[in-house]
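Below, chains carry the letters A, B, ... as their sequence lines are ordered, and counting in each starts from 1. The model shown is predicted, which means the values in this text are computed figures rather than measured ones.
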Number of protein chains: 4
Amino acid sequence: MTDERTANDQSPWMPFENRRRARDEKREAVLRMAVQVFLEQGYHRATLNEVAERLNITKPALYNYFRSKDEILFECWALGQEQVDDLIAVINRSRQSGLGKLRALVHAYAETMATDFGASLVRFDPRDLKPHNAEKVRAAKRGIDLTFRRYIAEGIADGSIKPCDPKLAAFAIAGSLNWIGHWYQRGGSLTPDAIADEFAIRLTDGLARRSVKKASAEAAPAPRTRKPTKGENR
Amino acid sequence: MTDERTANDQSPWMPFENRRRARDEKREAVLRMAVQVFLEQGYHRATLNEVAERLNITKPALYNYFRSKDEILFECWALGQEQVDDLIAVINRSRQSGLGKLRALVHAYAETMATDFGASLVRFDPRDLKPHNAEKVRAAKRGIDLTFRRYIAEGIADGSIKPCDPKLAAFAIAGSLNWIGHWYQRGGSLTPDAIADEFAIRLTDGLARRSVKKASAEAAPAPRTRKPTKGENR
Amino acid sequence: MTDERTANDQSPWMPFENRRRARDEKREAVLRMAVQVFLEQGYHRATLNEVAERLNITKPALYNYFRSKDEILFECWALGQEQVDDLIAVINRSRQSGLGKLRALVHAYAETMATDFGASLVRFDPRDLKPHNAEKVRAAKRGIDLTFRRYIAEGIADGSIKPCDPKLAAFAIAGSLNWIGHWYQRGGSLTPDAIADEFAIRLTDGLARRSVKKASAEAAPAPRTRKPTKGENR
Amino acid sequence: MTDERTANDQSPWMPFENRRRARDEKREAVLRMAVQVFLEQGYHRATLNEVAERLNITKPALYNYFRSKDEILFECWALGQEQVDDLIAVINRSRQSGLGKLRALVHAYAETMATDFGASLVRFDPRDLKPHNAEKVRAAKRGIDLTFRRYIAEGIADGSIKPCDPKLAAFAIAGSLNWIGHWYQRGGSLTPDAIADEFAIRLTDGLARRSVKKASAEAAPAPRTRKPTKGENR
DNA sequence: AATGAATGAGCATTCATTCAT
DNA sequence: TATGAATGAATGCTCATTCAT
């Protein structure tokens, strides 16, 4: 923590840059500690004192970086959301069948759920946020849900996924994944990657026109289709 | 103590019975209102005042029926757990394949998740309870999880379920189901029964040695998506 | 509780008398239990529920006999005060020297302090009473104090007591005695009578123109320290 | 408050010192006010609000210095106990006969009883404390009692005190002294010093092998520790 | 940028007391 | 007379937030 400070004193050329970097680093450090404490104890039972103490600072110091406890909560969520947004963006850019995209999303999302910020997406309660932010959260959740549905619809359209109700299928899959955020614990017998692998298969196998096992046994190349326009999914 | 009272009246055991029944009814009314408020606002944001006011009584009156806020929380959970215990007991007594039991459990559990007390099983935080009760909750959760795994293992043993890791499969299924407690809202477009039907198929189809569709296609020429005869699932 | 009731029903001839007697007996029973609980736990920590439960009745039942908790407290005190008043009345009527009266008072007061109602004289706080009653208590306390002083003054006048400041002497003696109410416990190694004997000597010996020891040594060749015939002390 | 700032510029280690001192001073101020309110109204009737308001702060501010109401009570008691411990330590170090030590203790203890913190030793109820602290209090009380007994026993051994039962003698003396804490009021006609003088003589005269009066009459220089003149009061 | 101190708002809980039965 | 139920009043305590330094 004091490292940046000293660094700052030693490099007077870019004091501003350094300061801002130091500030951002501290901000992040707060979030990393906060998300941990919030997950560990629950948002309401967790106190800012606890967060501050673990950072070896005092409570009011937190207010240099955040305006309120719920803003901290929101930022924790936002970091997790950012991860998901990125991961969706990558998949969106990829050229795969609907099933392929769905599997990629399941895999990546499962891994995310095993991180602190990822878990914060499903273990924090939007009602603890200011209405303004709560709405952002709800919108983002809807967005993720729609992405699941879209991939499924794409898969149905391109024949990689058996016809089904995308809405309920998405709920089922998302439920399994979100639940990871509740039961996964670091240091358990399962690595996030293993979980992700397993879920990517299991959750989509029932939907696949050809199950993974059979498909790979037959060595049939994954059916590829064009990417349908968004309008088509809806 | 109440003997003179009862003896005094005409129906010796009625008044006492009546009193006790009235008391139990009120206790339950409190729980029904409390679970509603707790789900609606979240345990910490909800105040006993709110619960009491909605019941047209005053806060201290609640203490005639419960010793503390967290005891109310626990009792809400307990009512939900009771439902699940009952439902598992019934399935345990039934003579079905592992797959059959699993499907029956999925169906019944899904329906339970759509009730207030059912949702309280997954939306309340055991850490809000006294250690004593928190442990009971955790034990019960473990119990449910083990039931899922057991049915799967049975299914693998009797050939109705494809070989797989019961632990992860159980997590995946339970996750989907538990998530219902988070998104289901009364008055939505989906009835609990419809959800339960759909989940019973979808979540188990991937595990079944023969998928529902194929199996029914072979057995009966009526390809059903949504609503198979209930008898079939169970 | 029901005993009086039945007795009442069986002897319809004097129902009124019986009722009143029963009522008074219950009233006293309440006071005996209350003083015990109050002493044991302290007035504020003690609840009427506790008192009632130990009597196998319910809290509101107490209100048939007393108007308020502090009235119970006052009545406990009053019973103790009555004892002291009686005991002073007896001594006042006796024909003794001032020293003799003082010793008699010390002895009797010490014994009283070892009773529940006696202890209530010094262990309850008048500020817990309604102003009306608090004033009665204070007046009575002053009365006792004045009695001590009067006996001392009488003793000085009649030569049985060495000249001294009656006020401070009374304080010193009363203090020792009152303190008994704080430390005495039933079942301890000292009997109330033994304590009373000892205090009667010790607290007055310093005041006596002739100490007990010397006096008795002159009168009788049996030097006694601990246990003179009761008659002698009084 | 501005003091630290100025001091800060001049002496680097001052501000911390100053802060701590300021804090300690405030803590003490709280205790001084609290003991006053507690004595005045009784612990249970006194509210932290009252204490805070008299200090021109708000209730929660008190929690910067103490963890709970009963901790404040305990600290009040502790300050008084400290005084007594010190005073006993001094007497223990002195070279006097048992009688001399006893008289010194009586005198000093009497004076202490006329202070707020001294009175708190006997007017607060250990049962209002957490078990942990209550035990400390009881142990300390036993310690004081034993000190009285020890001095008496020493006196008997060295011949300065007439043979007697140290236990009861200690009770009698301590009772008189403790009672001071109940009746003494600032602004009364008696000064603490006068009371102490009087009690030191009166309470020990009965025990002395030679009474003060006689002894001084015989021209034996009274072995005095604390307070020579004022013979008039005696 | 950081801190000690203070505050305001809120909430669970307790308990004497009342009342209808 | 006794009870179950309900209430009002009060209070200790917590904690996010602010402010002067």
Side-chain angles (χ1 to χ4, degrees), chain A residues 1 5 19 22-23 26 44-50 52 57-72, chain B residues 1-5 8-9 15-16 19-20 22-23 26 44-50 52 56-70 72, chain C residues 1-2 4-5 8 19 22-23 26 44-50 52 56-72, chain D residues 1-6 8 15-16 19-20 22-23 26 44-50 52 56-70 72:
Chain A
M1 203 185 359
R5 208 64 195 285
R19 277 221 177 138
R23 183 182 168 80
K26 286 184 193 169
H44 286 100
R45 279 176 301 276
T47 71
L48 290 189
N49 239 337
E50 171 95 26
I57 59 175
T58 60
K59 185 165 47 167
L62 297 175
Y63 284 81
N64 284 323
Y65 307 103
F66 303 95
R67 269 195 296 271
S68 66
K69 191 188 182 189
D70 68 85
E71 188 183 303
I72 298 181
Chain B
M1 202 174 4
T2 40
D3 290 353
E4 310 89 20
R5 209 58 193 290
N8 187 15
D9 296 332
F16 183 75
R19 278 239 164 126
R20 226 179 48 129
R23 184 183 173 79
K26 284 181 193 168
H44 286 99
R45 280 174 302 276
T47 72
L48 291 189
N49 239 337
E50 171 95 25
N56 291 317
I57 58 174
T58 60
K59 186 167 43 169
L62 297 174
Y63 285 83
N64 278 325
Y65 306 101
F66 303 95
R67 269 194 295 270
S68 64
K69 192 187 182 188
D70 69 84
I72 298 181
Chain C
M1 187 179 24
T2 40
E4 309 88 13
R5 209 64 193 287
N8 180 18
R19 278 218 178 137
R23 183 182 167 82
K26 286 183 194 170
H44 286 100
R45 278 175 303 276
T47 71
L48 291 188
N49 238 337
E50 171 95 25
N56 291 319
I57 59 174
T58 60
K59 185 164 50 166
L62 297 174
Y63 284 81
N64 284 322
Y65 307 102
F66 302 95
R67 269 195 296 271
S68 65
K69 191 188 184 188
D70 68 84
E71 188 183 303
I72 298 181
Chain D
M1 239 192 299
T2 37
D3 292 351
E4 309 91 19
R5 212 54 198 286
T6 10
N8 181 17
F16 182 75
R19 278 240 165 127
R20 226 178 48 127
R23 183 182 174 80
K26 285 182 193 168
H44 286 101
R45 279 175 302 277
T47 72
L48 291 188
N49 237 338
E50 171 94 26
N56 291 319
I57 59 176
T58 59
K59 186 168 42 169
L62 297 174
Y63 286 81
N64 279 325
Y65 306 101
F66 304 95
R67 269 194 296 271
S68 65
K69 191 187 181 187
D70 69 84
I72 297 182

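- You'll find the side chain of A/Tyr65 stays beyond 4.5 Å of the side chain of A/Ile72, heavy atoms only.
- Atom CG in B/Leu62 sits about 16 Å away from atom C1' in E/dC15, given to the nearest Å.
- Atom CD in C/Glu71 sits about 14 Å away from atom C1' in E/dA16, given to the nearest Å.
- Where C/Tyr65 and B/Thr58 meet DNA chain F, the nucleotide closest to each residue was compared, and C/Tyr65 sits on the side nearer the 5' end.
- If B/Asn49 and D/Ile57 are placed on DNA chain E by their nearest nucleotide, the residue sitting closer to the 5' end is D/Ile57.
- Whole-Å rounding puts the C/Tyr63 OH to E/dT17 C1' distance at 5 Å.
- In this structure, B/Asn49 and B/Thr58 have side chains that are not in contact, with every pair of non-hydrogen atoms separated by 4.5 Å or more.
- Taking side-chain N and O atoms only, B/Arg23 has no distance below 4.0 Å to OP1 or OP2 of F/dG4.
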Steps toward side-chain contact (heavy atoms from CB on, under 4.5 Å) verdict (D/Thr47, D/Glu50): CA-CA 5 Å; D/Thr47 72; D/Glu50 171 94 26; 3.6 Å; yes

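- The distance from the OH atom of D/Tyr63 to the CG atom of D/Leu48 is 5.0 Å, given to the nearest 0.5 Å.
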Paired and unpaired positions of DNA chain F as dot-bracket, Watson-Crick or G-U wobble under 3.5 Å, | denoting a partner strand: .||||||||||||||||||||

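- In this structure, D/Asp70 atom CG and F/dC13 atom C1' are separated by 12 Å, rounded to whole Å.
- In this entry the distance linking CD1 of C/Ile72 with P of E/dT17 reads 8 Å, nearest Å.
- Protein atom NZ of C/Lys69 is 8 Å distant from nucleotide atom C1' of E/dC15, rounded to whole Å.
- When the nearest nucleotides of DNA chain F are assigned to D/Ala46 and C/Ala61 by heavy-atom distance, the more 5′-ward of the two goes with C/Ala61.
- Not one side-chain nitrogen or oxygen of C/Lys26 sits closer than 4.0 Å to the OP1 or OP2 atom of F/dT1.
- A/Ala52 and A/Lys59 make their closest contact through CB-N, 3.6 Å (heavy atoms, listed as atom of the first residue, atom of the second, distance).
- Between C/Asn64 and F/dA2, a side-chain N or O to OP1/OP2 separation shorter than 4.0 Å is present.
- The residue among B/Arg67 and D/Pro60 whose nearest nucleotide of DNA chain E lies closer to the 5′ end is D/Pro60.
- Smallest separation of non-hydrogen atoms from D/His44 and D/Lys69: O-NZ, 4.1 Å.
- Distance NZ (B/Lys59) to C1' (F/dA10): 11 Å, rounded to an integer number of Å.
- At distances below 3.5 Å, at least one donor-acceptor pair connects side-chain atoms of C/Arg23 with backbone N or O atoms of C/Asn64.
- Summarising the geometry, the separation between CZ on C/Phe66 and P on E/dT18 is reported as 15 Å, rounded to the nearest angstrom.
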